[in-house]
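Order of the sequence lines sets the chain letters (A, B, ...), proteins ahead of strands, with each chain counted from 1.
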Amino acid sequence: MAGDGGPRLDRAFFARPTLEVARSLLGCVVHTQLSDGEASGRIVEVEGYLDASDLASHAARLKRGGVRSMFGPPGIAYVYRSMGIHAMLNVVTEAEGRAGALLLRALEPLSGIDVMRLRRGVDDVRLLCAGPGRLCQALGITLGDHGTDLTESGRIWITAGSCVDSVSVSGRIGISRAVEESWRFFETGSPFVSVHRRGMALPP
DNA sequence: ACCTGGATCTTCT
DNA sequence: GAAGATCCAGGTA
């Protein structure tokens, strides 16, 4: 149900180094409460994008538009369109003035499975939120949600969740120009991740 | 003004 | 595994 799952993550949670937030964000729960229904899912996969030194990051390439939120206060949603079609949901990290964001890549659906199925047009629970575009569609997140304060909004928010047994890292997905870095974090063995690529397990 | 290149997903084979 | 769908910011002119 909406509101369940523990306290809402606050700004201090996100105001830390991006890759540190990435690990602690796994297991947390994203909720949306929209006119056509409520839905939530446990975060099982994220990717870190850093400042201008990270050539795959929008912060290195773009100066105007929505990407400016990557430099702004943490805990804000940075939503952009990819490949002309899909919405991508990022959460801004780092203290205000430092660029950083985490791309939410996959969720384990928890509630609102039926409304997710309607929005996605697929039945298989494993395919509802397995991918950044898919999870936005399943949660009903659109470009209009860009700039939402996730620590305040009643429409999209994130709560602390269950612990993750084991975290794995691998290279980010779909990076072609920049030198790849192992900044993709996912729950080891989860059937809900977007790409079933083997990673390296992190020490607990 | 035009061109290019994507932090993707689906539907084929 | 390969290709098509489809849009926008930035660079070039």
According to the Watson-Crick and G-U wobble definition with distances under 3.5 Å, which dot-bracket string, read 5' to 3', encodes DNA chain C, using [ ] for crossing pairs and | for pairs with another strand? |||||.||||||.
If the C1' atom of C:dA9 is compared with that of B:dC9, how far apart are they to the nearest Å? 22 Å
Say whether A:Leu26 and A:Phe192 are linked into one hydrophobic cluster, either directly or through other cluster members, by side-chain heavy-atom distances under 4.5 angstrom. yes
Same-atom distance (P) from C:dG11 to B:dA7, integer angstrom: 15 Å
Spacing between A:Leu135 atom CG and B:dA7 atom P, to the nearest angstrom: 17 Å
If you assign A:Glu47 and A:Val122 each to the DNA chain B nucleotide with the nearest heavy atom, which residue ends up on the more 5' nucleotide? A:Glu47
For atom CG of A:Leu102 and atom P of B:dA7, their distance in whole Å: 16 Å
Using a heavy-atom cut-off of 4.0 Å across all strands, would you classify A:Arg184 as base, sugar-phosphate, or nothing? nothing
Could you tell me whether A:Arg11 sits above the aromatic face of A:Phe13, with NZ or CZ closer than 6.0 angstrom to the six-membered ring centre and within 45 degrees of the axis? no
Take the protein atom CE of A:Met83 and the nucleotide atom C1' of B:dT4, then report the distance between them rounded to whole Å. 12 Å
Distance check needed: B:dT11 P versus A:Ile85 CD1, whole Å only. 12 Å
Is the shortest side-chain N to carboxylate O distance from A:Arg105 to A:Glu47 below 4.0 Å? yes
Distance, rounded to the nearest Å, where A:Ile175 contributes CD1 and B:dG5 contributes P: 16 Å
Check whether any side-chain nitrogen or oxygen of A:Arg134 sits under 4.0 Å from OP1 or OP2 of B:dT10, and answer yes or no. yes
Cation-pi check for A:Phe14 against A:Arg16: NZ or CZ below 6.0 Å from the six-membered ring centre and within 45 degrees of the axis, yes or no? no
Same hydrophobic cluster for A:Ile175 and A:Met70, using side-chain heavy-atom links shorter than 4.5 Å among ILVMFWY? yes
Heavy atoms from other residues, nucleotides or ligands near CZ of A:Arg197 exceed 12 (cutoff 6.0 Å): yes
Report the distance from atom NE2 of A:His86 to atom P of B:dG5, rounded to the nearest whole Å. 20 Å
Backbone N/O of A:Gly72 and side chain of A:Ser69: donor-acceptor pair under 3.5 Å: no
Calculate the interatomic distance between A:Leu127 atom CG and B:dT8 atom P; express it in whole Å. 17 Å
Using the salt bridge (charged side-chain N to carboxylate O under 4.0 Å, His left out) rule, take A:Asp54 and A:Arg61 through it: C-alpha gap first, then chi angles, then the decisive distance, then the call. CA-CA 10 Å; A:Asp54 173 10; A:Arg61 200 166 60 79; over 6 Å; no
Classify the angle between the aromatic ring planes of A:Tyr78 and A:His58 as parallel (below 30°), tilted (30 to 60°) or perpendicular (above 60°). perpendicular
Among B:dC9, C:dC7, B:dA7, the nucleotide that comes nearest once only the side chain of A:Met70 is considered: B:dA7
Report all interatomic pairs (protein N or O, nucleotide N or O of nucleotides 10-13 of chain C) with separations under 3.5 Å.
residue : atom : partner : partner atom : Å
C:dG10  : OP1  : A:Lys63 : N            : 3.0
C:dG10  : OP1  : A:Arg64 : N            : 3.1

Between P on B:dC9 and CZ on A:Arg119, what's the gap in Å once rounded to a whole number? 17 Å
